[in-house]
Amino acid sequence: MSQHLRLWCVTFLLLTPAACRHKPGLDAASLAKGVEAYLAQRGELCIARQVWPVDVTEGDRAVRTRDAIQMPVLERLGVVAGHHISVRTVNDDDKPITVPVTRYELTERGRRSYSDRRNDLCVARVSLDKVVSWEAAPSERAPKSAVVSYTYKVEPVAWMRDPEALRVFPAIARMLAGAGTAELKEGLTLTKGGWVANDLPGSAGPSVRQTMASQQGGRP
């Protein structure tokens, strides 16, 4: 490296340290913008319950289904209200029968946490803490895709902090406990406008699901 070029690099390093250490466009700040844009649109952490109201039968209580365990807790917290009704259905022989159920519907408090866009009850908002590392796909030129590992922040709704709520929604509890330390992954593709998450419109890359998306009971 010539003395002139070396001095230019040192001077530029003082202004923007990443410039001499990373290839253009492939640095923590640029990737962070892509992750932030993704979480701004997809950072809602929901309980994976799209169908409301929720009916719970005596059979559900006997085998302790997910709804039979979670709905009474949400009712105590004022998120849902339950009332007893009878519904018509069919048995295993396709004969009509009447079954008593407890029907749980969202209250005003619950509706404040309901996302029409996600069609789900969303209990926390996830945002970027910091980019930890990334792995770029091999390319003849500058990398066009990368998988980013990052730590996150999470802000739950007030009632989700309740110890019993955390007990019956273990995936949510794990997300809250991992804030600032646990790592999530997101696949990004480089576009003319910068790095875009593969799960968002405008990216031509394949979808890479986040770690939390695979957790039962909580998905972004």
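Numbers here simply count residues along the sequence, with the first being 1. Only heavy atoms go into these numbers, but all of them, side chains included; no hydrogens, no water, no symmetry mates. In this text, all values refer to a predicted model and were calculated from it rather than measured experimentally.
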Asp120 versus Arg49: any side-chain heavy-atom pair under 4.5 Å? yes
Side chain to side chain contact (heavy atoms under 4.5 Å, CB included) assessment of Arg117 paired with Arg42: CA-CA 10 Å; Arg117 183 178 65 83; Arg42 302 286 179 87; 4.2 Å; yes
Measure the CE-CZ distance between Met71 and Arg66 for me, rounded to the nearest 0.5 Å. 7.0 Å
So, Asp55 versus Tyr104: side-chain donor-acceptor pair below 3.5 Å or not? no
Expected output: side-chain Thr107 to main-chain Gly78 donor-acceptor under 3.5 Å: yes
Where do Glu75 and Gly82 come nearest, in terms of heavy atoms and distance? OE2-N, 2.9 Å
Distance from Arg174 atom CZ to Leu176 atom CG, nearest 0.5 Å? 11.0 Å
To the nearest 0.5 Å, tell me how far Leu26 CG sits from Leu31 CG. 5.5 Å
Are the side chains of Arg61 and Thr102 in contact, using a 4.5 Å heavy-atom criterion? yes
Arg76 vs Asp162, side chain to side chain contact (heavy atoms under 4.5 Å, CB included): CA-CA, chis, key distance, verdict: CA-CA 11 Å; Arg76 180 182 66 78; Asp162 182 89; 2.8 Å; yes
Any chance you could lay out the side chain to side chain contact (heavy atoms under 4.5 Å, CB included) test for Thr189 and Val196, step after step, and finish with the verdict? CA-CA 5 Å; Thr189 296; Val196 176; 5.6 Å; no
I want to check something: taking the side chain as every heavy atom from C-beta on, are Lys185 and Val147 in contact at a cut-off of under 4.5 Å? yes
Closest non-hydrogen atoms of Glu186 and Tyr150, given as atom of the first, atom of the second and distance, are CB-CE2, 4.1 Å
Tell me who clusters with Ile97, hydrophobic residues only, linked when side chains sit under 4.5 Å apart either directly or through other members. Ile85, Val87, Val99, Val101
Can you find a pair of side-chain heavy atoms, one from Val80 and one from Trp52, that are under 4.5 Å apart? yes
Nearest 0.5 Å, what's the OG-CG distance between Ser30 and Leu190? 8.5 Å
Give the minimum heavy-atom separation between Ala124 and Val154, together with the two atoms involved. CB-CG2, 3.7 Å
Is a salt bridge present between Glu183 and Lys130, judged by a nitrogen-to-oxygen distance below 4.0 Å? no
Is it the case that atom CD in Glu135 sees more than 12 heavy atoms from other parts of the structure closer than 6.0 Å? no
Grab the two heavy atoms, one from Trp195 and one from Ala146, that are nearest each other, plus how far apart they are. CZ3-N, 3.9 Å
For Tyr114 against Gln50, the heavy-atom pair lying closest together: OH-O, 4.2 Å
Short side-chain to backbone donor-acceptor contact, Arg111 and Leu106, under 3.5 Å: yes
Hey, does the side chain of Glu155 reach the backbone of Arg125 with a donor-acceptor pair shorter than 3.5 angstrom? no
Decide yes or no on side chain to side chain contact (heavy atoms under 4.5 Å, CB included) for Glu164 and Leu77, but give the supporting numbers first. CA-CA 10 Å; Glu164 195 173 4; Leu77 294 170; over 6 Å; no
Using side-chain heavy atoms (C-beta onward) and a distance below 4.5 Å, is Tyr152 in contact with Val35? no
Sidechain N-carboxylate O distance under 4.0 Å for Lys33, Glu36: no
Member of Met175, Arg161, Met160 meeting the side chain to side chain contact (heavy atoms under 4.5 Å, CB included) criterion with Val123: Met160
Between CG on residue Leu184 and CG on residue Leu39, distance to nearest 0.5 Å: 8.0 Å
Thr98 and Ser86 have their tightest heavy-atom pair at CG2-CB, 3.5 Å
So how far is it from Lys144 NZ to Leu188 CG, rounded to the nearest 0.5 Å? 14.0 Å
Is atom NE2 of His84 surrounded by more than 12 heavy atoms (other residues, nucleotides or ligands) closer than 6.0 Å? no
